Amino acid sequence: MNKALRKPVIAGNWKMNLTPDETAALIEQMKPLVADAACDVVLCVPFVDIAAAQAAAAGSNIQIGAQNCHWANSGAFTGEISAPMLKAIGVGYVIVGHSERRTYFNDSSETVAARTRAALDAGLTVILCVGETRSEREQGITQEIVRTQTKIALQGVSAEELKRVIVAYEPVWAIGTGLTATAEQANEVNAWIRALLAELYSIDAANGVVIQYGGSMNAANAGELLAQPDIDGGLIGGASLKAQDFSAIIKATYFF
Ligand code: PGA
């Protein structure tokens with residue numbers, strides 16, 4: 001729906017991989033390969049790699065993001081990082097609600113909403129992840145799950161703030177498994193998300209939101225996924241750790 005209204009965003013999610021030195025080396029390799037990207041390029045790196053990533057990416061079109069933030073601005077939360085801390089070091093993007101966080105660290109829809117609020121208050125752009133598990137898909141409740149996750153996370157988010165929200169549809173069964181949703185399956189869910197945004201905000205607001213697909217997106221399948229009318233980019237795990245693969249996905253956005 002009105003794909004031309006949206007600039008695609010390809011974001012890498014490095015998860016818990018690479019040291020600062022390895023970060024710098026990989027970004028050096030990526031820079032020339034992605035320099036003429038027709039989309040926004042973001043790398044969400046581990047907290048300890050942010051400084052090295054920013055230094056390596058300086059002057060290039062690669063923007064640096066984080067993979068999570070706490071919902072409080074500061075306080076007695078051992079081991080956590082707040083949204084204002086990320087903003088203070090020049091981070092522009094933060095992933096919130098990734099399924100690995102929901103599965104292994106008990107991030108709930110409510111804390112995802114609180115993290116989203118904190119990130120928006122701090123001035124960050126949020127990459128909000130939603131998606132069903134395999135059993136939820138098999139039960140036929142994908143639409144309900146994705147709508148509920150999205151709706152709860154966006155409670156209290158204004159239309160103005162929505163301009164700093166990217167939604168990433170990531171079916172849990174496709175993440176890191178080599179199984180990809182078909183282009184039709186992925187587009188169907190992205191269209192449901194956009195329809196929900198139109199209900200919650202307006203058609204214009206919904207048409208402005210970048211809705212990514214994530215889950216085993218790679219150089220071979222990116223073209224077909226990214227050509228879908230409601231898929232405006234990708235959140236890329238494994239393939240974002242390889243310069244050639246990541247740049248091939250970025251190049252796939254030229255052919256919209
Ligand atoms: P994957 O990860 O591309 O390795 O499946 C995607 C993600 O977790 O964002």
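Just so you know, these numbers come straight off a predicted model, no measurement behind them. Both ligands and their constituent atoms are indexed starting at 1 by order of listing.
Legend: residues meeting side-chain hydrogen bond (donor to acceptor under 3.5 Å, both in side chains) with T125, ordered by chain and number and at least two apart, are absent.
In this structure, E161 pairs ionically with R117, as a charged nitrogen and a carboxylate oxygen lie closer than 4.0 Å. A salt bridge does not link R6 with D40: none of the charged nitrogens is closer than 4.0 Å to a carboxylate oxygen.
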Note every protein N or O atom lying under 3.5 Å from an N or O atom of ligand 1, pairing the names and giving the distance.
from	atom 1	to	atom 2	distance (Å)
ligand 1	2 (O)	K15	NZ	3.2
ligand 1	2 (O)	G237	N	3.4
ligand 1	3 (O)	S216	N	3.4
ligand 1	3 (O)	G237	N	2.9
ligand 1	4 (O)	G238	N	2.9
ligand 1	5 (O)	G176	N	2.7
ligand 1	5 (O)	S216	N	2.7
ligand 1	8 (O)	K15	NZ	2.7
ligand 1	8 (O)	H98	NE2	2.6
ligand 1	9 (O)	H98	NE2	3.3
ligand 1	9 (O)	E170	OE1	3.2
ligand 1	9 (O)	E170	OE2	2.7

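Residues in residues 96-107 take part in these salt bridge (Lys or Arg N to Asp or Glu O under 4.0 Å) pairs, two or more places apart or across chains: K15-E100, R101-D107, D107-R115. Pairs passing the ring pair (Phe, Tyr, Trp, His ring centres under 6.0 Å) check and including a residue from residues 76-118, sequence neighbours excluded, read H70-F77.
In this structure the side chain of W14 reaches within 4.5 angstrom of the side chain of Q67, judged on heavy atoms.
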